[in-house]
Each structure stands twice: as C-alpha cells, then as structure tokens.
Amino acid sequence: MATTLIKGGTVVSATGRGDADVLIDGEKIIAVLQPGSALLGTDISAVVDTVVDATGKYVIPGGIDAHTHMQLPFGGTEASDTFESGTRAAAWGGTTSIIDFAVQTYGQKIQDGLAAWHDKAAGNCAIDYGFHQIVGDVNDESLLAMRSLVDEGISSFKLFMAYPGVFYSDDAQILKAMQLSRDTGMMTMMHAENGPAIDVLAAQLIEQGKSDPFYHGVARAWEMEEEATHRAIMLAKLTGAPLYIVHVSAKQAVGQVAWARDAGQNVFAETCPQYLYMSLEDQLGATSDKYGHFEGAKFVCSTPLRSHEEGHQDAMWQALRTNDLQMVSTDHCPFCMKDQKELGLGDFRKIPNGIGSVEHRMDLMYQGVVTGKITLERWVELTSTTPARMFGLYGKKGVIAPGADGDVVVYDPNGHTSIGYGKTHHMNMDHSAWEGYEVDGHVDTVISRGKVVVNDGQYLGQKGDGQFLKRGLSQYLT
Ligand code: DUC
Ligand code: ZN
Ligand code: ZN
C-alpha cells in the first residue's frame, strides 16, 4: 500500500496547533510525528512513496460539508451539480466528505427514496459521502421504516416546516417524528420557516405586482424563521428529541437556539457562508444588462439572505465565536440562470431556491480567520471536527490522528483565491453568487483516504473514489 508523508507543516486541530509531520499508510493516518522524525535511523521521507511539502502551510483534517443537495429535484427542475461534478468541486475546495439528503417524496416509501439516492451517488463521487433522510411524508409506515435507518448508517432525518405541498410536515407529524428521534437517538434536522404563512405573504406580494427576486426575501421575513425555530424547539423539548436547525440566517432565530441551549436542551444549529457574507441589500442591488433586476435570482435561497442594516451577518459571526452556532455547512443547491433560475422570470416564487458554495466553504471560512472573526482552531472545528462529531463520523473523519482516514488538506496562508465563475469555480453552474469574493489563502493539496486528489492546481482524483459513509449516532448525545 502506498505511503505518504506530509512534511514540514503546522498541524491545526480544533484544540490547538503544532509543527508535525503526518504519515499515511494506504487509506489511514498511522502517525503524527515530531518534525523530521527518523525511523530506525532513516529519514522517513526517503522511504515513503510520496512526500507532500507543507512547509509554511497549515495541515488540517479534510472539510466535511454536512448539508448538500446534489441532483435535487426542486422547483420544477433539478440541482445542476451531479454527485460527480459536485463532489469533484468539493474536493477542489478542500472538502473531503459531504452529507447529502436522500429524499422521500409524498406518497413514496422511505426505502424507495433512499435507494434512489444510493443509485444516484454510488460509483460517481470523488469524495466520501453519507446521507441524511428527508422525510417528506410522515405517516405510520414511514415512522416504522425510519426505525431501521440507523442500521443503514443514516442517523439523522430532516423535516420541513416550509414548502407546503412539496416536503412539508405539520406540527402533528413533527411531534410523531420527534418521538421517534427521542427513542432511536436519530438527530431531527429542521428547516425552520413558517411555510403556510410565507406562502400567503408571497401570493399577496405577487398580487401587488412585486415579482422581482428581492421579494423572495421580503416574504420570508425573519419573524417566520424565529417563530418556526421556537416552535421546533418547543416540540423537541416536549418530546425529548435532539434537534439540529439547518441554515440559520436570522439573528432572532439564533437567539432562540441560544436560549434553548442555555436551558440545557440538546439543540444545535448551523449557518452557511451566504448568511455570513451576503445580504438582502446585495440582492436588491443586483442588476445586469441581460436580466435587469432579475439578476438577484442568483441570491435566491431559503432561508433567504437577511438585511445587513439589521445586523444579521454580524450576529452569525458572533454566534460562531460563542458557540451558539456550532458549525458551517453550505446548503449547496446550485441552479443555472439559464433555463433554471429563469423559471421565475415574472414570479419570484418560481425561482428554484439555492446557491452553489460547496467549493468555497473552506476558503470563505478561512477568510474569517484572516479578518480576525474566528481563530484558526475554530475554523477547523466549524468546518470539520464538529460536523464529524455532530453526525457520527468522528474518529474516522474530522481529526488528524492515528487510525483516522487519510483525509488531509494542506492550506497555504500565503496563497490567494479569487472566487467566481471561470476562476476557482468547478461547480456545474453558469454563474456564481460569489463573483468577486477574494480570499487570502488557498487550498494547496487535498488528500482523500490517502490519495492525493488535488495538488499544484491539478485534479488527480477519479469518479468513484468516494465511498458511502455509514454514520453512527451523534457524539454530542451518546
Ligand atoms: N433551501 C434552498 O435554498 N435550497 C434547497 C432547499 C432549501 O431548503
Ligand atoms: Zn432547507
Ligand atoms: Zn438544504
């Protein structure tokens, strides 16, 4: 089996940093060594197959993006990244594992939904992948089927308080699913927005002729997120279920999460890079020769971008520092403008919701280190170690230690990354919502289960390198 030595770098973990060499044998890390260690008197670099020079660079556990939607059928179209293109883009950006969402649609059996997602992903992924289960139809049969998911390595399921008629669960359904979450230890993940009320507000805006993409954010007011977050927390408290709120964007929703955590409840939450950097004002100001104000469609996602004037972005950064938010995922759900976002020309409700970011998460969060918003260690914790702990992968993933998978990123703090379409962009999209963002750092080398997949600006991996990850229960509960 091939051996790789990552030599001369500064190994950064969630709890500290230090100069060390990392030795990988086959797919596993077998040693973290004093710099320049010898083996029976021989310089190790002379006897390994590959030496990666990490001098002056950070050596971190590969990123774990716990919230992606490759090939998601949504809004009358399908997310434009396949498991192949999306996981390859993730690898380019220093992410070596994703957790995507298998979907049970209304009227479908859970097992059939899950099997369809296995079919989409198997043999196509560039990096390792797992699934959460979206439960689009909570009923007695689904609840029974969900009991066997843990044995299949699916230890979390997601419900939607938004999107009536698509994925929506009402409070009675949520209550029953949370009782199962309590009994099995599965994590309940929640899209917390009051969908029925949002749909009324959206219809009223359209009736008033307010059809531009900006009004997507107006209809999805922060009150709708705060209210749903509070309701989910109360139902979780009543049932004793562990709860994880996805894509938090409103400072008031963070307030709810913080309040529940302070009261000792097992409530966790993520935010996404778009809610740290982008605002409703950006969306309002977006315009182009081709699309006019419809250019703002590239920023349509749910939860929506929030007003900068109201301070939501600063509140997200602060919550990441204070651990009121525990991790950062992307909610990567890319759609092209042509033929996809364009479906909503004249009616913002028909714009497929989503932004593509899977390639940029590690860089964008590193820029938070550069600007002093988070520490280097917190960067690793938010993007790799906590996602691994939260979703039952820790030990294998999320850490550089003997026995862990050889998922390692060498990150160059003296490098530079210009983000955008045609720049670092390998996602299958015809635009980038991140156009113009600059990062004072660069992904130098990416190693996925012992194989160098990105090095020196070249992609060396292959479709099918990635394997399905059977996950255990959240380590925050056991
Ligand atoms: N939000 C998005 O932006 N896209 C997909 C689904 C979701 O909840
Ligand atoms: Zn969602
Ligand atoms: Zn999502």
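Remember, it's a predicted structure, so these values are computed and weren't measured experimentally. Each ligand, and each atom within it, is numbered from 1 in the order the structure gives.
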Q) Measuring to the Zn ion (ligand 3), does His67 have an N/O/S atom at a distance below 2.8 Å? A) yes
Q) Once the angle between the rings of Tyr421 and His425 is folded into 0 to 90°, is it parallel (under 30°), tilted (30 to 60°) or perpendicular (over 60°)? A) perpendicular
Q: Run the ring-centre check on His67 versus Phe101 and record whether the distance is less than 6.0 Å.
A: yes
(Q) Centre-to-centre under 6.0 Å for Tyr163 and Phe74, is that the case here? (A) yes
Q. Who's closest to atom 8 (O) of ligand 1 heavy-atom-wise, of His332, His67, His191, Lys158?
A. His191
Q. Who gets closest to atom 5 (C) of ligand 1 by heavy atom: Cys333, Ala162, Cys272?
A. Cys333
Q) For the Zn ion (ligand 3), which N, O or S atom of Asp331 is at the shortest distance? A) OD1
Q: Look at atom 6 (C) of ligand 1 and say which protein heavy atom is nearest, naming residue and atom and giving the distance to 0.1 Å.
A: Tyr163 OH, 3.9 Å
Q: Output the atom name for the N/O/S atom of His247 with the smallest distance to the Zn ion (ligand 2).
A: NE2
Would you check whether [X] has a nitrogen or oxygen atom less than 3.5 angstrom from a nitrogen or oxygen atom of ligand 1?
X      : value
Thr303 : no
Asn353 : yes
Ser302 : yes

Q) Salt bridge between Arg306 and Glu225, side-chain N to carboxylate O under 4.0 Å? A) yes
